Amino acid sequence: MPELPEVESIARSLTSERGDNESLLGHSISRARVAWKRTVASPSAQTFQRRILNQQVKAVGRRGKFINIRLSKDSLLIHLRMSGDLLLGRSEKPMGNHSRLQLYFEDGLQLSFNDPRKFGRVWLVEDAESVLSQLGPEPFDTTLTPARFHDMLSARKRQLKPLLLDQTFLAGLGNIYADEALWAAQLHPLQPSNQLTRKQARSLLTGIQEVLTEGIRRNGASIDWVYRGGDFQNYFKVYQRTGEPCLRCGAKIRRILVGQRSTHFCPRCQEKS
DNA sequence: AGGGAAACCCGAACGC
DNA sequence: TGCGTTCGGGTTTCCC
């Protein structure tokens, strides 16, 4: 599903110079069609279609779960949420069975935003920071040291799981990766964030980075016909392994709800202190 | 400030 | 076969 790893892969593939992927770089938009109005979070769908015309793709990047397509004048920010996908090709018709937005480039290239669940959103803004500035640090930011991470955790008094999912605290983690990172660090999802030792904070940061690295390497996970990505699901340690033995200690993996989110953990080696 | 819950969406997978 | 119900993902919003 499109948590950060798949977003990272897609952002990378949009600038690919070889293989079956074409690069978007340098292309200009000659036509935009909004098929599902609410996909465009801002400005209005009509303004969007007009304002994006003739803008050229200058760069493609990523910040948290947002893909940032920097254009001549504006930035096109894309959030895939769960079921969104970007398809690049040369069909004249909308690509994908659930295309919500199509951008056509001057040479016939099409970028289609396919999204069966209609949860994904795009923004066309002059300043990308107007949207992105709300995000917490990147998990791989070199200034995010174990010490700083420990300070961040100590400054809050929240259950670890919801805090890791809070994009204003740390950018990029979704439900799968939060569970996997907590398992890696042997921390209970309900553990209050301000009770972690420096060692535990370091371990959590390492776990987050390892889990994301693996997810990116696997091109994300495919947990449903509609949440398609790579094959990271074959390497889950806890996520969706309810009742199965913990791969570290053999105890049965438990599933609980935390902040309405399905949460998987090992009751033996992720004890709350 | 933190936590719980509802809303937004859809189609697969279920129960009857 | 055909209905109705449940589920889950990320985020925002509202309410205690």
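So that the names make sense, note that chain A is the first sequence line, chain B the second, and so on, each numbered from 1. Note that the structure is predicted; figures quoted are calculated from it, not measured.
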Approximate separation, where rounding is to 0.5 Å, of A:L170 CG and A:L164 CG:
7.0 Å
Rounded distance in Å - CD (A:Q240) to P (C:dG8)
9 Å
Taken to the nearest whole Å, CG/A:N175 to P/C:dT11 is 11 Å
Return each pair, listed once, that meets salt bridge (charged side-chain N to carboxylate O under 4.0 Å, His left out) where at least one residue sits in residues 237-246 of chain A; pairs must be two or more places apart or across chains.
A:R241-A:E244
Does one hydrophobic cluster hold both A:F265 and A:V238, with members joined at side-chain heavy-atom distances below 4.5 Å?
no
Given C:dG8, B:dC9, C:dT11, which nucleotide is nearest the side-chain atoms of A:K118?
B:dC9
Expressed as a whole number of angstroms, how long is the span from A:N114:CG to B:dC10:C1'?
13 Å
Atom CG of A:L165 to atom P of B:dG2: distance rounded to whole Å?
15 Å
Does A:H98 make a side-chain N or O approach to OP1 or OP2 of B:dC10 shorter than 4.0 Å?
no
Among residues at least two apart in sequence or on other chains, which ones pass ring pair (Phe, Tyr, Trp, His ring centres under 6.0 Å) with A:F169?
none
A:R158 side-chain proximity, nearest of B:dC10, C:dG9, B:dG3
B:dG3
C:dG8, C:dT11, C:dT12: which one has an atom nearest the side-chain heavy atoms of A:R117?
C:dG8
What is the distance, to the nearest angstrom, from the NZ atom on A:K161 to the P atom on B:dG2?
18 Å
Can you pull out how bent the helix from B:dG2-C:dC16 to B:dC16-C:dG2 is, comparing the axes over its first five and last five pairs, to 10°?
50°
Pair listing, salt bridge (charged side-chain N to carboxylate O under 4.0 Å, His left out) test, anchored in residues 152-166 of chain A, at least two apart:
A:R158-A:D166, A:K161-A:D179
Aromatic contact between A:Y239 and A:F232, with the criterion being ring centroids under 6.0 Å apart: yes or no?
no
Dump every N/O contact between nucleotides 6-8 of chain B and the protein below 3.5 Å, one line per pair.
unit_1 : atom_1 : unit_2 : atom_2 : d
B:dA6  : N7     : A:Q260 : OE1    : 3.3
B:dA6  : N7     : A:Q260 : NE2    : 3.2
B:dC8  : O3'    : A:R38  : NH1    : 3.3
B:dC8  : O3'    : A:R38  : NH2    : 3.4

Which nucleotide wins on minimum distance to the side chain of A:Q159, given the candidates B:dG3, C:dT12, C:dG8?
B:dG3
Using the side-chain contact (heavy atoms from CB on, under 4.5 Å) criterion, which residues pair with A:R121? Sequence neighbours excluded.
A:R38, A:A41, A:R81, A:W123
Please state how far atom CD in A:Q195 lies from atom P in B:dG2, giving the value in whole angstrom units.
14 Å
Inter-residue atom distance A:I52.CD1 - A:S30.OG, 0.5 Å rounding
11.0 Å
Salt bridge check, A:E138 against A:R62: does any charged N sit closer than 4.0 Å to a carboxylate O?
yes
Which one, B:dG2, C:dT11, C:dG9, comes nearest to the side chain of A:Q167?
C:dT11
OP1 or OP2 of B:dG3 less than 4.0 angstrom from a side-chain nitrogen or oxygen of A:K157, does that happen here?
no
Send over the distance from A:D115 CG to C:dT11 P, rounded to a whole Å.
13 Å
Atom-to-atom span, CD1 of A:I176 to P of C:dG9 - whole angstrom:
8 Å
